[in-house]
Colleague: 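If you scroll down you'll find the structure; I have some questions about it.
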2 protein chains.
Amino acid sequence: MTTHPRISDCLHCAMRDRSIFAGLSLDDLRDLGMEVHDISVPATDMLYLEGDRARYAYTLREGAVKLVKTLANGRAQIVRLLHHGDLFGFEGLRETAYQHSAIALTRTDLCRLDLVALEALSRRLPSVHDAINQRWFNALQQAETRIVELGAKNADERLATFLSQWCSAYPAGDAVPFPLTRQELGEFLGLSTEHVSRLMAEFKRRGLLTERKNLLHIPDTRQLILHACASGACA
Amino acid sequence: MTTHPRISDCLHCAMRDRSIFAGLSLDDLRDLGMEVHDISVPATDMLYLEGDRARYAYTLREGAVKLVKTLANGRAQIVRLLHHGDLFGFEGLRETAYQHSAIALTRTDLCRLDLVALEALSRRLPSVHDAINQRWFNALQQAETRIVELGAKNADERLATFLSQWCSAYPAGDAVPFPLTRQELGEFLGLSTEHVSRLMAEFKRRGLLTERKNLLHIPDTRQLILHACASGACA
DNA sequence: TGCACCGATTAACAAATGTCAATGCCGACC
DNA sequence: GGTCGGCATTGACATTTGTTAATCGGTGCA
């Protein structure tokens with residue numbers, strides 16, 4: 001269920017500045033043998049499966065994607081959530097297999113990058129090499145922050161912190177697209193669906209947030225954090 | 001409480017093969033302006049504090065170190081545990097401040113590497129550059145595994161998995177040095193000290209492990225995993 | 001030897017979180 | 001408009017985990 005890939009017009013792509021190819025023209029890329037394909041997938045589409053042979057990395061142009069690891073008994077853990085500008089699947093540069101499953105949360109537009117070509121390009125262009133390493137570093141920082149969230153905070157705190165951060169990508173006070181189901185929230189935060197549901201209801205009852213359709217509105221994130229993190233854990 | 005640093009004899013260091021300088025002689029390093037100092041610290045010594053200006057990276061030659069993040073309310077989370085051969089503090093190559101506090105769990109021998117010099121060296125020597133990036137990648141992989149442990153497993157499973165992995169660095173069935181207190185186990189696994197204590201006692205009662213002084217003995221890690229992960233989470 | 005301290009253990013209880021089951025809600029599709 | 005299916009909500013209850021406090025046990029030191 002994937003639209004037929006077209007050669008991408010990277011030059012005019014809205015997110016070129018954030019891309020690992022910032023500074024390169026489409027001609028540059030073509031000359032270097034780096035073809036970039038536009039891909040577009042609907043919500044719930046799986047881009048790749050944990051353990052699959054890794055062939056492509058992706059740049060997320062529009063939409064949202066989850067990276068999931070699944071235990072032998074079926075429990076799932078969302079390891080990372082990806083947004084506009086994020087690069088993923090690039091563990092394929094070091095491992096032969098993908099380390100997570102990548103699943104679209106919304107209709108999603110991506111650039112698909114052949115890993116072999118990307119590897120070669122990165123060897124020739126220090127700027128690309130550095131950009132990729134920077135992504136690695138960022139992912140590590142983020143992962144370590146998640147470890148603290150999961151290991152040292154309780155459910156209210158985790159949820160409040162997460163929701164606040166989700167909204168932080170948008171102007172304060174705006175209603176924000178929020179495509180996650182309660183189950184996905186649970187799989188991200190290490191909580192049961194029902195518990196997430198109860199906490200959300202509680203937050204709403206207290207006027208800390210409202211929801212309609214897939215829009216989340218947090219009037220004042222400070223209030224939310226303050227309520228949930230009474231102990232000062234999220235200062 | 002740090003022994004006076006000496007210029008290190010990298011050439012004969014027992015762990016040169018695993019180091020980011022593998023393949024370089026001490027002369028090479030000196031010619032390149034990379035001085036490496038031997039450091040030795042006692043248990044509980046703090047090498048640096050989260051938020052400190054980052055000046056050095058360290059290679060762990062002998063002993064064990066914990067990397068800790070502390071919340072505003074005092075709760076602590078051990079983010080990573082370091083062993084023989086591990087490199088740490090190198091977030092200083094990308095950030096001006098250390099992202100964790102580094103504390104020795106045992107008497108520990110290290111090589112101290114000046115970050116400015118390391119940065120310069122890494123720019124000149126692809127092998128060093130690559131080695132550092134590989135470490136980054138490894139740290140990310142490990143961090144994502146921890147996310148799954150903390151988010152998708154219960155207390156028994158976390159503890160059993162951790163203990164098994166701790167022992168996996170040694171020949172199966174051997175008694176292994178185990179310098180962690182119950183509190184540290186808790187701070188690593190996201191559990192209270194008392195709960196860890198109870199679980200350890202339970203494991204002992206069932207003959208799954210024994211302890212004396214700072215030695216941990218797990219006769220059969222498979223048994224331990226099997227008991228704790230009845231649901232199949234750790235298969 | 002005896003004391004003081006620190007970590008580990010244990011018990012009793014409280015709180016947080018998960019599980020199971022029933023119901024409600026809403027949108028897709030006929 | 002009606003029905004079906006998926007997700008969300010809620011309640012009752014079970015289980016897990018945390019908390020508090022008391023005790024134990026060893027170790028270093030006076």
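Since the model is a prediction, treat every value here as computed from it, not as a measurement. In what follows, chains are A, B, ... by sequence order, proteins preceding strands, each numbered from 1.
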Colleague: By the definition side chain to side chain contact (heavy atoms under 4.5 Å, CB included), identify the one residue from B/Leu82, B/Ile103, B/Ile78 that meets it with B/Leu67.
Modeller: B/Leu82
Colleague: Specify the separation, in whole Å, of atom CZ of A/Arg75 and atom P of C/dG18.
Modeller: 11 Å
Colleague: Which residue is it: A/Lys69, A/Arg146, A/His100? I am looking for the one with a side-chain hydrogen bond (donor to acceptor under 3.5 Å, both in side chains) to B/Glu144.
Modeller: A/His100
Colleague: What is the distance, rounded to the nearest whole Å, between atom CD of B/Glu211 and atom P of C/dA8?
Modeller: 9 Å
Colleague: As a test of reading the structure: which of D/dG18, C/dT19, D/dT9 is closest to the side chain of A/Arg182, going by heavy atoms?
Modeller: D/dT9
Colleague: Under the rule for salt bridge (Lys or Arg N to Asp or Glu O under 4.0 Å), what residues qualify as partners of B/Arg94, not counting sequence neighbours?
Modeller: none
Colleague: Enumerate all atom pairs, one protein N or O and one N or O from nucleotides 10-12 of chain C, separated by less than 3.5 Å.
Modeller:
| from | atom 1 | to | atom 2 | distance (Å) |
| --- | --- | --- | --- | --- |
| C/dA12 | N6 | B/Arg198 | NH1 | 3.4 |

Colleague: Atom CD of A/Gln183 and atom C1' of D/dT9: how far apart are they, to the nearest Å?
Modeller: 15 Å
Colleague: Is A/Lys204 close enough to D/dT9 that one of its side-chain N or O atoms is under 4.0 Å from OP1 or OP2 there?
Modeller: yes
Colleague: Tell me if a side-chain donor or acceptor on A/Glu91 pairs with a main-chain N or O of A/Gln99 at a distance below 3.5 Å.
Modeller: yes
Colleague: Work out how much the helix from C/dT1-D/dA30 to C/dC30-D/dG1 bends between its end axes, five pairs an end, to the nearest 10 degrees.
Modeller: 30°
Colleague: Between A/Arg107 and A/Asp109 (salt bridge meaning N to carboxylate O under 4.0 Å), is one present in this structure?
Modeller: yes
